[in-house]
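Following: one structure in C-alpha cells, then a few remarks.
All values reported here derive from a predicted model rather than from experimental measurement.
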Amino acid sequence: MTGVVRPIAAGWVVTGAVPGPDVDEFAEADQVVAALAGPAAAGDTLLAVQHPHRTPAALAGRLSVTDALPAARRMLDRLVVSAYRQVDGVVAPYRVSGPDGTAVGVLCLADPAAVDAAGQARVRHSEQVYPKVAAERAAVLSGLGLATSAAMLVPVSAADDLTPATERTIGTLGDPSVRTTDSGGRVHELWLLGSGPDQDALLAVAGRHPLLVADGNHRVAAAAASDPSGLLALVTGGPDLRIGAIHRVLAGTGLTADALVAAWRSVGLSVTEDIVQTPVTPGIVVALAGDRALRVTLPPPAEPLPRIDHAVVEHLLIQQALGVDPAGPLVRALPANRPLPADADAVLLLAPVPFPDVLAVHDQGRRMPRKSTYFTPKPRSGLLLAGLHWPPGRMSRRSS
C-alpha cells in the first residue's frame with residue numbers, strides 16, 4: 001500500500017498577481033486563443049505556459065504542443081524568477097469562499113497511482129475524459145515538469161474531519177501568504193505549513209479516506225500518464241461545496257429549431273415550447289435555439305440507477321437523433337453561469353447532478369459522462385506551483 005498525499009518538495013508561491021489573464025476563466029480552446037491574442041497577454045503569462053501551442057506565435061508557425069514546449073519552458077523559467085518565490089517541503093492550507101460556496105482544505109501533492117491493501121485506487125475518477133484533452137495536458141505537464149493548476153479531491157467517506165483539522169491549523173499560522181479575490185468575487189487564502197508534526201497530522205487526515213475527483217478528471221489522467229506520483233491537488237471536505245450544471249453547446253451543425261424538434265420527435269421524445277429557464281431536477285432538457293426555447297422530456301430511466309442525464313443527451317439527443325459525434329468538435333461543454341456562445345446553433349440546458357447521485361455512481365464502480373458536474377468553489381490556478389521532475393542543474397538556477 002502506498003501513501004496518497006505528501007508535501008510539495010519544491011514549490012513556488014506567487015508574490016503578487018498571477019501574470020496575465022486569469023487562467024481559470026477560459027473553458028474552450030478558442031477562448032484561450034482569443035485571450036492570448038489580447039493586450040492582457042502581452043509579455044510572459046501563465047496562460048501561455050499552460051497552452052503553448054495556442055499563442056499567436058505558435059499558431060503562426062503551426063507548432064504542435066511538443067514543438068511549442070521549449071519556448072514555454074523558457075517563459076516559465078522567467079516567470080518563477082519574476083513573479084514567484086521558492087518554498088520547499090510545504091503543504092498549503094487553503095480557503096476559498098464566495099457566492100458559490102466555501103471550500104477549506106490542504107493543497108499538496110497526491111499520487112494518482114496509489115492503491116490500498118486490497119489493490120483499490122486511492123484517487124478515483126468520477127467522470128470519463130476526452131482522450132485527446134488528457135493526452136494534450138499530459139504532454140504539457142511532462143514537458144514543463146511543473147504543475148500550475150490543482151485538481152480538487154473530496155473524501156469518499158461522509159465523515160468530514162478534514163475541515164476542522166484545517167481550520168485549527170490555519171488558526172495557528174497567522175496571516176495568509178497569499179490572499180486574492182477572483183473575478184467572480186471569491187476570496188482565496190493560502191497559508192504555508194512546513195515540515196513537522198503539524199504537517200504530518202494534517203496530511204494524515206487528508207489521506208485517511210479514498211479521494212474522489214470533484215474537479216480535474218483530465219488533470220488526474222494527465223498526471224497519471226506523465227508522472228504517476230505528481231498530482232497537485234486541493235483535498236477538501238467543503239464545508240459548502242456545490243454542484244452546478246454543465247450544459248451542452250451545438251455549434252457548426254447548421255441545425256435550426258424546427259430541425260431539432262423534428263429529429264428529437266423522430267426518436268420518440270416529447271418536445272414542447274417552453275420559457276427560458278435551466279432545469280432544476282433531472283429528466284428535463286431545455287434547448288435554446290435562436291429565439292425559441294424547447295422543453296424536451298427524457299424517457300423514463302432504466303437500470304442501473306441513478307441515471308445521469310448527460311449520458312442520455314449525448315447518446316439519444318445528439319448522437320442518435322442528430323447524427324453528431326458528442327465527443328467531436330461540434331459539441332462543447334458549457335459550465336453554468338457562463339455566457340452563451342455567439343456561434344451556438346443550440347444550447348442544451350441540463351439540471352445539476354445531485355451529489356448523492358455522484359456518490360451512488362461511484363459506489364457502483366461506474367463513471368459519469370465527461371463534463372457532467374461543475375463543483376464550486378475551485379482553487380485558483382497559479383497561486384502555488386509544484387515541481388514534479390526537474391533536470392538537476394535547472395532547479396539550482398531557480399533557487400538562486
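- Closest of all the heavy-atom pairs between P93 and V91 is CD-O, 3.6 Å.
- With hydrogens and angles ignored, the 3.5 Å screen pairs a side-chain donor or acceptor of E127 with a backbone N or O of S372.
- Summarising the geometry of A214 relative to T373, their closest heavy-atom pair is O-OG1, 4.2 Å, with the distance given to 0.1 Å.
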For the pair S270 and V296, evaluate side-chain contact (heavy atoms from CB on, under 4.5 Å) and give the outcome as yes or no after the intermediate values.
-> CA-CA 6 Å; S270 170; V296 183; over 6 Å; no
For V178 and V14, run side-chain contact (heavy atoms from CB on, under 4.5 Å): C-alpha distance rounded to whole Å, both residues' side-chain angles, the deciding distance at 0.1 Å, then the answer.
-> CA-CA 8 Å; V178 177; V14 73; 4.1 Å; yes
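- Atom CG in L76 sits 9.5 Å away from atom CG in D44 (nearest 0.5 Å).
- Nearest heavy-atom pair across P369 and Q128 is CA-OE1, 4.0 Å.
- Of the inter-residue distances, the one linking I8 atom CD1 with L385 atom CG reads 9.5 Å to the nearest 0.5 angstrom.
- In this structure, V267 is a member of the same hydrophobic cluster as L294, with clusters built from ILVMFWY side-chain heavy atoms closer than 4.5 Å.
- Here the options are V106, L162, V5, T166, the test is side-chain contact (heavy atoms from CB on, under 4.5 Å), and the partner is V205; only L162 passes.
- Panel note: side chain W264, backbone L317; a donor-acceptor pair is recorded below 3.5 Å.
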Could you give me the CA-CA distance, side-chain angles and deciding distance for R380 and T180, then say whether side chain to side chain donor-acceptor pair (under 3.5 Å) is met?
-> CA-CA 9 Å; R380 194 172 188 185; T180 186; 3.1 Å; yes
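- The neighbour count for R366 CZ, taken as heavy atoms of other residues, nucleotides or ligands under 6.0 Å away, is above 12.
- Cluster membership for V33 and L334, using ILVMFWY side-chain heavy atoms within less than 4.5 angstrom, is not shared.
- Remark: side-chain polar atoms of H218 are not paired, donor with acceptor, to backbone N or O of R137 under 3.5 angstrom.
- Between the side chain of R122 and the backbone N or O of G207, at least one donor-acceptor pair lies under 3.5 Å.
- Between the side chain of Q319 and the backbone N or O of E314 there is no donor-acceptor pair closer than 3.5 Å.
- In the hydrophobic clustering of this structure, V249 does not group with V313; members are Ile, Leu, Val, Met, Phe, Trp, Tyr whose side-chain heavy atoms approach within less than 4.5 Å, directly or through other members.
- Remark: side-chain polar atoms of T102 are not paired, donor with acceptor, to backbone N or O of G98 under 3.5 angstrom.
- Within the 4.5 Å cutoff, the side chain of Q50 has heavy atoms near those of the S149 side chain.
- Across G184 and P99, no two heavy atoms sit closer than the pair O-CG, 3.6 Å.
- By the 4.5 Å heavy-atom criterion applied to side chains, H188 and T181 are not counted as neighbours.
- L153 is listed as a side-chain neighbour of V213, based on a closest heavy-atom distance under 4.5 Å.
- Note that OH of Y84 is 5.0 Å distant from CG of L46, once rounded to the nearest 0.5 Å.
- Here the CG atom belonging to D198 is positioned 11.0 Å from the CG atom belonging to L203, to the nearest 0.5 angstrom.
- Using a distance-only test at 3.5 Å, with no hydrogens or angles considered, a donor-acceptor pair links the side chain of R73 to the main chain of G143.
- When all heavy atoms of G89 and Q199 are compared, the pair lying nearest together is O-NE2, 3.0 Å.
- Placement of L316 and I308 in two distinct hydrophobic clusters is found when ILVMFWY residues are connected by side-chain heavy-atom separations under 4.5 Å, directly or transitively.
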Give the intermediate values and the outcome of side chain to side chain donor-acceptor pair (under 3.5 Å) for residues S142 and S226.
-> CA-CA 5 Å; S142 179; S226 58; 5.5 Å; no
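- A heavy-atom distance below 4.5 Å is found between the side chains of L144 and L69.
- Here the side chains of L146 and W12 are in contact, with some heavy-atom distance below 4.5 Å.
- V65 and V133 end up in different hydrophobic clusters when Ile, Leu, Val, Met, Phe, Trp and Tyr side chains are linked at under 4.5 Å.
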Evaluation steps, side-chain contact (heavy atoms from CB on, under 4.5 Å), between S266 and Q320 = CA-CA 10 Å; S266 73; Q320 184 175 335; over 6 Å; no
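- Formation of a donor-acceptor pair under 3.5 Å by the T172 side chain with backbone atoms of T169 is found in this model.
- Atom-to-atom distance recorded for T297:OG1 and L269:CG is 8.5 Å, nearest 0.5 angstrom.
- Shown here is N337, whose CG atom has no more than 12 heavy atoms of other residues, nucleotides or ligands within 6.0 Å.
- Looking at F375 and R242, their side chains never come closer than 4.5 Å, going by heavy atoms from C-beta outward.
- Rounded to the nearest 0.5 Å, atoms CZ (R332) and CG (D30) are 5.5 Å apart.
- A distance-only check finds a donor-acceptor pair linking the side chain of D309 to the backbone of G283 [under 3.5 Å].
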Yes or no on side-chain contact (heavy atoms from CB on, under 4.5 Å) for H362 and S126, after CA distance, side-chain angles and deciding distance?
-> CA-CA 7 Å; H362 165 262; S126 59; over 6 Å; no
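- For the pair M368/V358, a side-chain contact is recorded, criterion being any heavy-atom separation below 4.5 Å from C-beta on.
- Screening D24, D182, T236, D215 for a side-chain hydrogen bond (donor to acceptor under 3.5 Å, both in side chains) with K378, the sole residue that qualifies is D215.
- Within a 6.0 Å sphere centred on CG of D175, heavy atoms belonging to other residues, nucleotides or ligands number 12 at most.
- Checked options L190, T163, I170; the residue passing with R95 is I170 (criterion: side-chain contact (heavy atoms from CB on, under 4.5 Å)).
- Looking only at side-chain heavy atoms (C-beta outward), E136 and H53 come within less than 4.5 Å of each other.
- Using a distance-only test at 3.5 Å, with no hydrogens or angles considered, a donor-acceptor pair links the side chain of D345 to the main chain of G254.
- Across every non-hydrogen atom of L348 and A287, the tightest pair is CD2-CB, 3.6 Å.
- Salt bridge annotation for D258-R292: present, with a cationic side-chain nitrogen under 4.0 angstrom from a carboxylate oxygen.
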